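Notes to accompany the following structure.
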Protein chains: 2
Amino acid sequence: MDTEIGLFTARKQEILDAAKKLYSRKGYAASSMRDLAKSLGIKPASLYSHYQSKEEMLWEIAIRCTKEFHGYILPMVQEDRPVIDRLDRMLRGHLRMVIKNQDASAIFFHEWQHLEEPRRSAFAKQREIYEQAFIDVLNEGKQKGVFRDVHIRFSMFTLLSAINWVYRWYKPDGKMSIEEIEEEFSKLLIRGLKV
Amino acid sequence: MDTEIGLFTARKQEILDAAKKLYSRKGYAASSMRDLAKSLGIKPASLYSHYQSKEEMLWEIAIRCTKEFHGYILPMVQEDRPVIDRLDRMLRGHLRMVIKNQDASAIFFHEWQHLEEPRRSAFAKQREIYEQAFIDVLNEGKQKGVFRDVHIRFSMFTLLSAINWVYRWYKPDGKMSIEEIEEEFSKLLIRGLKV
DNA sequence: GTCTATACTTTGATAGAC
DNA sequence: GTCTATCAAAGTATAGAC
């Protein structure tokens, strides 16, 4: 019997992890099935016993990453806390997700654009749901007078993109710990919203 | 005689503009010389009368973009103004460059990674010079007590990346004017640095 | 689950005529 | 400066043996 992780066999997961790393480092379009097979020590044809196509792997990576981000962040919108604390927690959460899924983040932010329809649109839809969560909290804060009269959509993009770039420069052995990065983001980004 | 623009003939420039647009929309790796030729209404082989290779075009786009960003921003570091105003002007300038070179920005921020050595390193070097300008001003502000005790390198990345994302969502006919975007960035990002 | 062998497509690039 | 014709390499994917 297969050793399952979620709906996947362990082998499928190994392959997906290798693909994640490769797509993240070289970009999806520049990554070949030959490259991927080589990194796993198998022949290209063997990959097709696990996935039907190159794009299916991209899709699996993207959609799994989406589920992880959503599962962690979306419930925070309705927590019983002051709106400013909720936004703070959501931004810290987003940062944690980016760092935890550093390779997948490149796919989550960029490479998903190489998906073909209808998957591309399906992903875009999920992405909007995620962004909407931040928009909702920003709107609430604005209406309650906690935040100044900011452009909501603009602020959402700015806050998230400041954090998104972390996947490009974060190194686990770098000078800043995750806690320090969180704290700095919180100070740097939340302050600019306050009345 | 050739109609020159800088060191380029007009035709070379036309081709480069088309490449810029294509690489920006589809990504460099996913863009073929056939695609490019088609968008110009010529045959693929004709491109090689103007450029030696696909990578040479990527290089030209990247390095021209670098020159434009540098020429606009670097002199601001030493202007005779309070340090906070200089940073503010540099961030606004960076924003203007991103919007003015929206297609090239995708290459400036991402696609340059597809350059091969030694061009890749040469570009990376220029990029560091650009980042250093912001680091210098942040350091000065910190030493003068205008900015709080921020992590310099972290702040530089955060400020620039918040703005960099603009190339992904900015539309000339969108809801916010460039002036409004500038103003919002200034409020949102500079406030978080102050003591 | 991986292999060999291979089909078919697309790619970057060159040679040489006009 | 653009064309036709063409090449070698690399791409995704399939069939079928083990």
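Quick note: numbers below take in every heavy atom, side chains included, and nothing from hydrogens, waters or symmetry partners. First the proteins, then the strands, lettered A, B, ... as listed; each starts at 1. All values derive from a computational prediction rather than experimental measurement.
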What is the distance, rounded to the nearest whole Å, between atom [atom1] of [X] and atom [atom2] of [N]?
{"X": "B:Gln52", "N": "D:dG1", "atom1": "CD", "atom2": "P", "value": "15 Å"}
{"X": "B:Glu14", "N": "D:dG1", "atom1": "CD", "atom2": "P", "value": "11 Å"}
{"X": "A:Lys54", "N": "C:dT10", "atom1": "NZ", "atom2": "P", "value": "14 Å"}
{"X": "B:Met57", "N": "C:dT11", "atom1": "CE", "atom2": "P", "value": "14 Å"}
{"X": "A:Glu56", "N": "D:dA13", "atom1": "CD", "atom2": "P", "value": "10 Å"}

A:Phe8 six-ring face occupied by A:Arg64 cation (under 6.0 Å, within 45°): yes

Could you list, one pair per line, each protein nitrogen or oxygen that sits under 3.5 Å from a nitrogen or oxygen of nucleotides 2-5 of chain D, together with the distance?
from  : atom 1 : to      : atom 2 : distance (Å)
D:dT2 : OP1    : B:Arg11 : NE     : 2.9
D:dT2 : OP1    : B:Arg11 : NH2    : 3.1
D:dT2 : OP2    : B:His50 : NE2    : 2.8
D:dC3 : OP2    : B:Lys43 : N      : 2.4
D:dC3 : OP2    : B:Ser46 : OG     : 2.9

Start with the C-alpha gap between B:Lys12 and B:Glu60, add the side-chain angles, then the distance that decides, and say whether side chain to side chain contact (heavy atoms under 4.5 Å, CB included) holds. CA-CA 11 Å; B:Lys12 273 191 100 163; B:Glu60 283 295 341; 5.9 Å; no

Only counting residues at least two apart or in another chain, list the ones meeting salt bridge (Lys or Arg N to Asp or Glu O under 4.0 Å) with B:Arg120. none

Is the distance between the ring centroids of B:His110 and A:Trp165 under 6.0 Å? yes

Do B:His94 and B:Tyr130 make the cut of ring centroids closer than 6.0 angstrom? yes

Out of B:Lys21, B:Arg25, B:Lys20, which one pairs with B:Asp103 under the salt bridge (charged side-chain N to carboxylate O under 4.0 Å, His left out) rule? B:Arg25

Under a 4.0 Å heavy-atom cutoff, the residues of residues 23-39 of chain B touching DNA chain D are none

Flag side-chain contact, heavy atom, 4.5 Å: A:Tyr28 against A:Ile107: no

After noting the C-alpha distance and the side-chain angles of A:Lys54 and A:Tyr23, does the key distance pass the side chain to side chain contact (heavy atoms under 4.5 Å, CB included) rule? CA-CA 11 Å; A:Lys54 186 185 168 190; A:Tyr23 296 172; 3.5 Å; yes

